[in-house]
**Student:** 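Below is a structure I'd like to ask you about.
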Amino acid sequence: MEIRRIQEKRQAEKRRVHVRNALQRRHLRVRRQIGSMLLWAFLSLLAAIILCPIVFLVSGSFMGNDELAGYLGAVFLGSEGYAAFPLLPKFPTLKHYVEILLDSPKFFVMFWNSVKITAGVLIGQLVVGTMAAWGFAKYEFPWKRGFFLLYLILMLLPFQVLMLSNYLVLDFFRLTDSLWGVILPGVFSTFPVFIMYRFFSEIPDSLIESAKLDGAREWQLFAYLALPVGSSGIIACMVLGFLEYWSLIEQPLTFLKEKSLFPLSIFLPDITDVSKSGMAFAASVITFLPAVLVFLGGRDYLEQGIMAGAVKE
């Protein structure tokens, strides 16, 4: 009987321990769920705050000038009261899109200037940047680490620091007041080299040696080995380059004097008075769409490029 009571006590103690552990696991799971819900709620709130300007931008592009003047009169006209902005227009209209797309030749001139600048820079980076990155990644030459360090330093310097030297060089070659004066500095940007260098460095040297033993030449190694393997980094650079050079402001204002050469990013601040505020909203939406589409299309490659750039050498 005594042994039986001892066994029953042990079993009861095991059941209590099991129940207590189950309750602890349940409390821990509930706390994690609550923490996850609070985190998602916080992130959703931040996302809503970030998306508010975009919502207002799209909404304002469908409002008439009178409606915009009523909401933004305190800002543009200096009238009394506070500026207000609803999520949806009371009287939607496509008038501003018609004005931009059909009645504004200046908009299309600047749009094609932006296309020329962006396409020229991206094509140049695809040619120059890939070759420079491949050379830094897989070839040994004197002062290699010093040159790469110089690349990193130049990458960290803002445009305001290099503005005067860039202008003097472009003026010496008579490239100011020309689209080439904006394109060429972007072609030789150091940031794409840094990103693509990380992807090219991951190619095993044994693979390159095997290709050489099979008779592959240097240009074949670059064309058939480096470019396919580093395609993720190249696409990431192209996405980042598009997002940067599609919205240039400082470089065109510094190197261009002829207004017919201005890109679309400079067209927008020129129509922000109350009589043309609707056109400003519509032009902003049209300008914003290509960047959104490129970002969504290259988001996965962009993440890979960011992760590769974060890896220490």
Side-chain angles (χ1 to χ4, degrees), residues 50-61 68 72 75-76 96-126 155 157-164 166-167 170 175-189 191-192 236-298 302:
I50 294 173
L51 290 175
C52 276
I54 300 175
V55 174
F56 293 153
L57 179 68
V58 176
S59 177
S61 67
L68 286 171
L72 304 177
V75 177
F76 292 116
H96 307 306
Y97 287 99
V98 173
E99 291 177 348
I100 288 291
L101 298 176
L102 299 180
D103 300 331
S104 300
K106 183 180 177 182
F107 176 85
F108 284 98
V109 172
M110 291 187 168
F111 178 86
W112 285 112
N113 287 338
S114 292
V115 172
K116 292 175 184 178
I117 291 173
T118 306
V121 171
L122 295 184
I123 293 173
Q125 289 183 353
L126 184 62
M155 182 181 69
L157 294 178
F159 170 74
Q160 291 80 2
V161 176
L162 302 173
M163 178 174 61
L164 180 58
N166 286 345
Y167 183 85
L170 293 174
L175 292 175
T176 56
D177 206 20
S178 168
L179 291 182
W180 288 109
V182 181
I183 294 173
L184 289 178
V187 168
F188 296 97
S189 174
F191 182 71
C237 292
M238 296 298 101
V239 173
L240 290 173
F242 183 92
L243 297 177
E244 178 181 0
Y245 292 98
W246 182 254
S247 56
L248 282 183
I249 294 180
E250 294 176 324
Q251 289 87 335
L253 288 176
T254 304
F255 303 140
L256 301 178
K257 298 178 182 178
E258 185 65 35
K259 291 186 176 181
S260 61
L261 298 175
F262 282 176
L264 191 58
S265 53
I266 301 180
F267 173 72
L268 302 180
D270 193 34
I271 54 174
T272 52
D273 59 276
V274 69
S275 63
K276 296 182 179 180
S277 56
M279 289 181 62
F281 280 106
S284 299
V285 172
I286 297 173
T287 307
F288 179 65
L289 283 178
V292 173
L293 295 176
V294 170
F295 174 78
L296 294 177
L302 187 59

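These figures come from a predicted structure and were not determined experimentally.
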**Student:** Are the side chains of Q251 and P185 in contact, using a 4.5 Å heavy-atom criterion?
**Tutor:**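 In short, these two side chains do not touch, never coming nearer than 4.5 Å.
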
**Student:** Please report the interatomic distance CG(L175) to CG(N166), rounded to the nearest 0.5 Å.
**Tutor:**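 Between L175 CG and N166 CG, I get 11.5 Å after rounding to 0.5 Å.
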
**Student:** Can you tell me how far CZ of F281 sits from CD1 of I286, rounded to the nearest 0.5 angstrom?
**Tutor:**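 Going from CD1 on I286 over to CZ on F281, the span is 14.0 Å.
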
**Student:** Is a side-chain donor or acceptor of T287 paired with a backbone partner of A283 at a separation under 3.5 angstrom?
**Tutor:**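 Yes: the side chain of T287 pairs with the backbone of A283.
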
**Student:** Can you name the residues that form a ring-ring contact (aromatic ring centres under 6.0 Å, His included) with F191, not counting sequence neighbours?
**Tutor:**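 Here no residue qualifies.
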
**Student:** Which heavy atom of I266 sits nearest a heavy atom of F262, and at what distance?
**Tutor:**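 Shortest heavy-atom contact: CG2-CD1, 3.8 Å.
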
**Student:** So do W246 and V294 actually touch side chain to side chain, heavy atoms under 4.5 Å?
**Tutor:**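 Heavy-atom side-chain distance check fails, nothing below 4.5 Å.
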
**Student:** Would a 4.5 Å heavy-atom cut-off, applied to side chains only, mark L248 and Y245 as touching?
**Tutor:**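 In short, these two side chains touch, coming nearer than 4.5 Å.
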
**Student:** If I compare all heavy atoms of N113 with all of S260, which pair ends up nearest, and what's the gap?
**Tutor:**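 Result for this residue pair: ND2-O, 2.8 Å.
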
**Student:** Looking only at heavy atoms, what is the nearest atom pair of K257 and D177, with distance?
**Tutor:**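 Residues K257 and D177, closest heavy atoms: N-OD1, 2.9 Å.
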
**Student:** Grab the two heavy atoms, one from H96 and one from A282, that are nearest each other, plus how far apart they are.
**Tutor:**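 Looking at all heavy atoms of both residues, the closest pair is CB-CB, 3.8 Å.
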
**Student:** With rounding to the nearest 0.5 Å, note down the distance linking CZ in F56 to CG in L51.
**Tutor:**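 Taking CZ in F56 and CG in L51, the distance rounds to 11.0 Å.
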
**Student:** Restricting to side chain to side chain contact (heavy atoms under 4.5 Å, CB included), what partner residues turn up for L243, sequence neighbours left out?
**Tutor:**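 Expected list: V239, A291, F295.
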
**Student:** Between NZ of K259 and NZ of K106, what distance do you get to the nearest 0.5 Å?
**Tutor:**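 Answer rounded to 0.5 Å: 6.0 Å.
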
**Student:** Could you give the distance from CG (L101) to CZ (F107), rounded to the nearest 0.5 Å?
**Tutor:**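 Interatomic distance, L101 CG to F107 CZ, rounded to 0.5 Å: 6.5 Å.
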
**Student:** Is the count of non-hydrogen atoms from other residues, nucleotides or ligands lying under 6.0 Å from F111 atom CZ greater than 12?
**Tutor:**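 No, CZ of F111 has 12 or fewer neighbouring heavy atoms, counting only those of other groups under 6.0 Å.
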
**Student:** Return the minimal non-hydrogen interatomic distance between V187 and G120, and the atom names on each side.
**Tutor:**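 Heavy atoms only, the tightest pair is CG2-O, 3.8 Å.
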
**Student:** Please check this pair: side chain of Q125 against backbone of G186, looking for a donor-acceptor N/O pair closer than 3.5 Å.
**Tutor:**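 Pair found, side chain donor or acceptor close to backbone of G186.
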
**Student:** Looking only at heavy atoms, which two atoms of Y97 and S61 are closest? And how far apart?
**Tutor:**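 What the structure gives for the nearest pair is OH-OG, 2.7 Å.
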
**Student:** Output the distance between atom CG (L57) and atom SG (C52), rounded to the nearest 0.5 Å.
**Tutor:**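 One gets 12.5 Å once the value is rounded to the nearest 0.5 Å.
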
**Student:** Looking only at atom types and distance, does a side-chain atom of S114 sit under 3.5 Å from a main-chain N or O of P263, one as donor and one as acceptor?
**Tutor:**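 No.
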
**Student:** Would T176 and Y167 count as having a side-chain donor-acceptor pair, cut-off 3.5 Å?
**Tutor:**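 Y167 and T176 do not have a side-chain donor-acceptor pair below 3.5 Å.
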
